[in-house]
Visitor: 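For reference, the structure I am asking about is given below.
Numbering of ligands and ligand atoms starts at 1, following listing order.
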Amino acid sequence: MLDYRDGILHWRTHNLAQIAAQVGTPCYLYDLDGMCANLRRLQRAFPQAEIHYSLKANANLAVIRALSAAGAHFDAVSGGEIFRAVRAGVAPERIVFAGVGKTRHELDYALRLGVAWINVESGGELACLAELAEALDVRPRVALRLNPDVRADTHPHIATGHAAAKFGIPLDEAAHLLSAYAPERAPYRLEGLHVHIGSQLHSVERTVEALQAALALIDRFPFLRTLDLGGGFPVSYDGEPMPSIEAFAAAICPLLAGRDIRLILEPGRYIAAENGILLVAVQYVKPTNSGTFYIVDGGMTELIRPALYEAIHGVLPVRQSSAPPSLAHVVGPICESADVLRTHIHLPPLAEGDLLAVLHAGAYAAVMGSTYNARPLPPEVVLEGDSWRLARRRQTWDDLLRDEL
Ligand SMILES: Cc1ncc(COP(=O)(O)O)c(C=O)c1O
């Protein structure tokens, strides 16, 4: 998929140097065909599941449209994400609304639209939802998000299913809410459970534990007919071995066999991460005793994952070189020591103006972008087949001032 042709890095048929010359750097590139292919691989691994792409990973409108056309449903965690999906043409009944701190305004918006499910994360939220549903005279479908007290095998910042996490409802409290549920009186239909124990899961075992906790509740409360198992399916950022989607399916599907349960999955990273590249250009070369610093024009404002999660992203020079590689650190221009894209990597010698491709920047990159240091947000380019187009233009300095009164 990525290879050098005539000395220049190509992504599928696309010459990365040519795209950078036209749109400038930093810029994001997304391979829409690759995202749809990953969606199809998920659909094949879990033929019985409804796949809700997690918008938080990458909510570019072009991405939403492509995945929607390929049959995806969507998982939103804010009113803004629902708004984006609806603007991209997604029917509200294909959207699940999750999130630990939904505001009354957001709930009201989701209820008026008629989203498919509201995944409720606390007794307080359920009470608030009941009040709003009654006032609007609607009867939404609700799933309780469980906190199964399972510590996901991942970075602590993206583990969400252990007792100390803010997410979900502890099992005993969930059982209490389910016992108290009176379908004839409640202004909602409590018909599902939701579990999402974390992102970038390094093993299938913790997911199985969480699933078993949910199934134990389903056995006690048979009116629960839908199980949303969240996302979390991992990708290999730097060649490290990770369980495949088929390994997750092999562990999960037998536990559901013979049960009349509708399965929902909410993958984000698995679909989008490997199908994005951040292109940056070297501004300055700073040799030091501990390796060469390549100071590039993108950093934590474009890709915060290395600073936030100590994430390791692959980096490839766009111009092929046969010169011997040496120890290098690819760092951004932002006034923070945490502003690194990749440290301790071996790269051939680079010069000012040389381009670098930072890999796996399709998920949790642009969506986590910021204008810190008054840096305009970069453009987003989408590749489809042999053509590419600008999906979001580069912000300007004027854009940054536009909302100030
Ligand atoms: C509730 C929920 N569902 C789905 C996801 C998507 O996770 P991932 O991108 O790891 O698949 C997340 C992300 O943390 C989440 O919080």
Visitor: So which protein heavy atom does atom 10 (O) of ligand 1 come closest to, and at what separation?
Guide: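 For atom 10 (O) of ligand 1, the nearest protein heavy atom is S199 OG, 2.3 Å.
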Visitor: Which atoms of ligand 1 are found less than 4.0 Å from any heavy atom of P267?
Guide: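 Near P267, the atoms of ligand 1 are 11 (O).
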Visitor: What heavy-atom pair brings L55 and A76 nearest, and what distance separates the two atoms?
Guide: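 The answer is CD1-CB, 4.0 Å.
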Visitor: What is the nearest protein non-hydrogen atom to atom 4 (C) of ligand 1, stated with its residue, atom name and distance?
Guide: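 Looking at atom 4 (C) of ligand 1, the protein heavy atom closest to it is E266 O, 3.2 Å.
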Visitor: Taking the six-membered ring for Trp, are H52 and F74 closer than 6.0 Å centroid to centroid?
Guide: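 Not under 6.0 Å, so no.
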Visitor: Which is it for V382 and L29 under the side-chain contact (heavy atoms from CB on, under 4.5 Å) test, yes or no, and what are the steps along the way?
Guide: CA-CA 6 Å; V382 292; L29 313 181; over 6 Å; no
Visitor: With the threshold set at 4.0 Å, does a side-chain nitrogen-carboxylate oxygen contact exist between D398 and R402?
Guide: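 Here D398 does not pair with R402 in a salt bridge, since their nearest N and O are not under 4.0 Å apart.
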Visitor: Give the atoms of ligand 1, by number and element, whose distance to some non-hydrogen atom of G268 is under 4.0 Å.
Guide: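 What qualifies from ligand 1 is 8 (P), 9 (O), 11 (O).
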Visitor: Does this structure show an ion pair linking E81 with R84, if we count only N-O contacts that are shorter than 4.0 Å?
Guide: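 Salt bridge: no.
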Visitor: I'd like to know if R262 pairs up with D228 as an ion pair, taking the criterion as any Lys NZ or Arg NE/NH1/NH2 lying under 4.0 Å from an Asp or Glu carboxylate oxygen.
Guide: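 Salt bridge flag = no for D228 with R262.
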Visitor: Give a yes or no on whether the ring-centroid distance for F223 and Y181 is below 6.0 angstrom.
Guide: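 Ring-ring flag for F223/Y181: true, centres closer than 6.0 Å.
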Visitor: I want to know if ligand 1 touches Y270 in the polar sense, i.e. an N/O pair below 3.5 angstrom.
Guide: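 Checking ligand 1 against Y270, no N or O pair falls under 3.5 Å apart.
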Visitor: Just heavy atoms, cut-off under 4.0 Å: does D75 contact ligand 1 by side chain, backbone, both, or neither?
Guide: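 Looking at D75 and ligand 1, just side chain atoms fall under 4.0 Å.
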Visitor: Give a yes/no verdict on a cation-pi contact between K102 and F97, requiring under 6.0 Å between NZ or CZ and the six-membered ring centre and an angle within 45° of the axis.
Guide: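 Satisfied, under 6.0 Å and within 45°.
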Visitor: Find all atoms of ligand 1 within a distance of less than 4.0 Å from any non-hydrogen atom belonging to Y364, and give their numbers and elements.
Guide: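 So the atoms of ligand 1 that pass are 6 (C), 7 (O), 8 (P), 9 (O), 13 (C).
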Visitor: Looking only at protein heavy atoms, which one is nearest to atom 12 (C) of ligand 1, and how far off is it?
Guide: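 Looking only at protein heavy atoms, the one closest to atom 12 (C) of ligand 1 is K56 NZ, 3.0 Å.
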Visitor: For G231, counting its heavy atoms only, list the atoms of ligand 1 lying under 4.0 Å from any of them.
Guide: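 Heavy-atom distances to G231 below 4.0 Å select 4 (C), 11 (O).
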Visitor: Within ligand 1, which atoms have a heavy atom of R145 less than 4.0 Å away?
Guide: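 Answer for ligand 1: 1 (C).
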Visitor: Classify the contact between H196 and ligand 1 as side chain, backbone, both or neither, using a heavy-atom distance cut-off of under 4.0 Å.
Guide: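 H196 to ligand 1: side-chain contact only, backbone stays beyond 4.0 Å.
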Visitor: Does F167 reach ligand 1, in the sense of a heavy atom lying below 4.0 Å from it?
Guide: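 Per 4.0 Å heavy-atom rule, F167 does not contact ligand 1.
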Visitor: A57: heavy atom below 4.0 Å from ligand 1, yes or no?
Guide: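 Flag not set, A57 not near ligand 1.
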Visitor: For the residue pair Q200 and V235, what are the closest heavy atoms and their distance?
Guide: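 Between these two residues, the closest heavy atoms are NE2-O, 2.8 Å.
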Visitor: Considering the heavy atoms of S54, write down every atom of ligand 1 situated less than 4.0 Å from one of them.
Guide: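 So the atoms of ligand 1 that pass are 4 (C), 5 (C), 6 (C).
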